[in-house]
Amino acid sequence: MYKINVLWGVVLLAAALLFSACESAAELDEEDKMEVPEYVMVVHGGAGVFALHDLPEGRKEEYFNAIEEALDIGEEILANGGSGLDAVVEVISYLEDNPIFNAGKGAVFTNEGVNELDASIMSGKDMDAGAVGGITTVKNPIVAARKVMEKSPHVLLTGRGANQFAASVGCEIVDNSYFFTEERYNSMLRARESEAERMMEDTMGTVGVAVLDASGNLYAGTSTGGMTNKRFGRIGDSPIIGAGTYADNNGVAVSCTGHGEYFIRYAVAHDLNALVKYRGISLDSAATYIIHEKLVEAGGSGGLIAVDRHGNYSMPFNTNGMIRGVVKPGFREVAIYD
Ligand code: ASP
């Protein structure tokens, strides 16, 4: 009889502990949900060594206006419960069409005087991804990247095969001359002359977006013309999943910009996701560590924008400036320098 009573006591105690553990876990979950904003979108328009006085007349205002417009486009979709994937594609397409950015129209030139474009997109909901590298005839490379993700069994298509695939799935096709701007062409001519000039010119204007949408899904995308005077055929980090772009609902959505070779070798986008996902390090500490310590030690310049599933965001850069913006319900901010 005594044994039965003790047994019952133990069972009841275990049940009570289990109940209170479930209750506090539920409370924590509830707390998490309450703090998560309905949506968060971060955008970048490239990191670079440009000082304010190096920018062409009126360019700073143009950057601000373009990022404001990009935030409007994304917010319109996200505030109406739209998919973060649509927000990434719409916002990046808008920036690609704007010639002040190094993506789509206005992209930088290769050493052969051609525009070769790279882009990628990733869905953290299902770890699906699509990318294009070295494409020359697709008006909006981010649309082609999405098509690779949704309409092909592959992740990355390059060059002729990517151009051809994009045409076959209905992407808008243009002549390579569509991407021409005199400013970028002259920049390439100057870069051919001097190595120092090349370093000044190379990392500006790539575009990227990272989003947490109302369904709790994370998405990221990046689009670029690469680096001025790059050797033709060179592909940077932007279309490399895990280097320039990454999204994982259990980690972060991130888009990088900067000297691509470093971002590839150090797998920057995936590294950030791994620190947050596997080590539980806060997004901002992990992003700051990667950009300001790891990348600096390696000699790489650039920055990133990222958002996690709790709606935290981070936008560190180790260059003079990074064109960037963030929007969430009731809050928005656009900046270039510190
Ligand atoms: N990361 C890009 C590349 O290396 C350039 C940039 O972000 O400015 O192609």
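Numbering of ligands and ligand atoms starts at 1, following listing order. Since we're looking at a predicted model, the values are computed, not measured. Scope of the values below: all heavy atoms of this structure, side chains included, with no hydrogens, waters or symmetry mates.
For the residue pair Thr136/Asn163, the side-chain donor-acceptor check at 3.5 Å is satisfied.
Crowding of Phe64 atom CZ: a count of heavy atoms from other residues, nucleotides or ligands under 6.0 Å exceeding 12. The 12-atom threshold is exceeded at CD of Glu261, counting heavy atoms of other residues, nucleotides or ligands nearer than 6.0 Å.
Close N/O approach between Thr206 and ligand 1 is found [any backbone or side-chain N/O within under 3.5 Å]. By the 3.5 Å distance cut-off applied to N or O atoms, Asp237 is counted among the residues near ligand 1.
Proximity to Met227 (heavy-atom distance under 4.0 Å) selects the following atoms of ligand 1: 4 (O). Annotation for ligand 1: atoms under 4.0 Å from non-hydrogen atoms of Thr257 are 6 (C), 7 (O), 8 (O). For ligand 1, the atoms sitting less than 4.0 Å from at least one non-hydrogen atom of Gly226 are 5 (C), 9 (O), numbered in the order shown with element in parentheses.
In this structure, His259 and Tyr262 have perpendicular ring planes: the angle between them is above 60°, well past the 30° mark.
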Subject >> Candidate pair Ser120 and Thr245, rule side chain to side chain donor-acceptor pair (under 3.5 Å), full reasoning >> reply: CA-CA 7 Å; Ser120 66; Thr245 303; 2.8 Å; yes
**OP:** Take Phe109 and Phe180 through the ring pair (Phe, Tyr, Trp, His ring centres under 6.0 Å) test and state the conclusion after the steps.
**Re:** CA-CA 9 Å; Phe109 287 83; Phe180 178 92; 5.8 Å; yes
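Under 4.0 Å from ligand 1, the heavy atoms of Arg234 that appear belong solely to its side chain.
For Gly258, the heavy-atom gap to ligand 1 drops under 4.0 angstrom.
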